[in-house]
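Working notes for the structure below.
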Amino acid sequence: MSSRPDVAADPEAAWPPAPRSGPRRLPCGVPGTPAALLATLVLGAAVGGLLTWALLARPGLGGAGGPPSTRTGSSEEPPEPGLTARLLAQNAILKNGTLSWHSEHGMAGVHLSPGVTYDEPRRELVVAKAGFYKVCLHLQLTHVLPAARISGKVSMALHLEPPQTGASVQAPAVDLTPQSSVSAQASHCHLLQVPKDQRLSVHLGVYLSAQWGEHQVWQLAQSPPATKLELFRVAAEVPD
């Protein structure tokens, strides 16, 4: 039986060279040199910048497309869809007769579309374009002397010039009693076939007890919700 002599490890002996192997392959997609890594980072930053610019350029996200511009510095509210005209009652005192209206451009709550005008001397809203329109009358009253109690009725009636045969227009009316609260309101809307250059006016009817003279107990409201005349165009022009 052969035997191997015991060899003591010499701590000062030179270590044998490590076994050599081929170059190690990095996982796919990982750059193998610092220069390649730097190039990848630059390319990624450029792609990210292009994507950010594209998003900002889309309408509604800012940038060139930007959000829709908003008007500032004006108390005028955006018109409601289909709104052609809105006039606010000019007088506060309740009095029988044709109502006069605020129609100043830029006044809060007032709106006149092109082709609709207000004839101030005649107190008439003039509609130049024929079509089907919804006409709304809103009667809003305020109790300015709460200690005074009266009874009666206040109404609004729409007048058309030229008159329309068979046009049925219901008038909004408010019945007042001594128990009425600090405000009262009524409104009606009507669908009318309006010819070209139709004129519309509103007559106020006041039937209250007379001991208070000029009817100072109740008045037409001047702040929203206010007494108003509204016009909405709902269909195309009526053929001749």
Mind listing the closest non-hydrogen atom pair of [X] and [Y] along with its distance?
{"X": "L125", "Y": "A85", "value": "CD2-CB, 4.0 Å"}
{"X": "L139", "Y": "M156", "value": "CB-SD, 3.3 Å"}
{"X": "S103", "Y": "Y118", "value": "OG-CD2, 3.3 Å"}
{"X": "A89", "Y": "L220", "value": "CB-CD1, 4.3 Å"}
{"X": "G109", "Y": "R86", "value": "O-CD, 2.6 Å"}
{"X": "A221", "Y": "T142", "value": "CB-OG1, 3.5 Å"}

Any side-chain to backbone donor/acceptor pair from [X] onto [Y]? Under 3.5 Å, distance only.
{"X": "Q164", "Y": "Q193", "answer": "yes"}
{"X": "Q198", "Y": "P162", "answer": "yes"}
{"X": "D175", "Y": "K153", "answer": "no"}

Say you draw a straight line from [atom1] of [X] to [atom2] of [Y]; how long is it, rounded to the nearest 0.5 Å?
{"X": "C189", "Y": "Y133", "atom1": "SG", "atom2": "OH", "value": "16.0 Å"}
{"X": "L87", "Y": "T227", "atom1": "CG", "atom2": "OG1", "value": "12.5 Å"}
{"X": "L231", "Y": "L112", "atom1": "CG", "atom2": "CG", "value": "10.0 Å"}
{"X": "L137", "Y": "L204", "atom1": "CG", "atom2": "CG", "value": "11.0 Å"}
{"X": "R123", "Y": "Q90", "atom1": "CZ", "atom2": "CD", "value": "8.0 Å"}
{"X": "L83", "Y": "R233", "atom1": "CG", "atom2": "CZ", "value": "13.5 Å"}

Close side-chain approach of [X] to [Y], heavy-atom, < 4.5 Å:
{"X": "L208", "Y": "V217", "value": "no"}
{"X": "W101", "Y": "S201", "value": "no"}
{"X": "L94", "Y": "L141", "value": "yes"}
{"X": "Q185", "Y": "V174", "value": "no"}
{"X": "L229", "Y": "L99", "value": "no"}
{"X": "S183", "Y": "Q140", "value": "yes"}
{"X": "I93", "Y": "N91", "value": "no"}

Between S113 and H111, a side-chain donor and acceptor under 3.5 Å: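 Their side chains do contain a donor-acceptor pair, which is all the 3.5 Å distance test asks for.
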Hydrophobic cluster membership, with links at side-chain heavy-atom distances under 4.5 Å among I/L/V/M/F/W/Y: are L200 and V126 in one?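 No, because L200 and V126 fall into different hydrophobic clusters, even though each may have its own neighbours under 4.5 Å.
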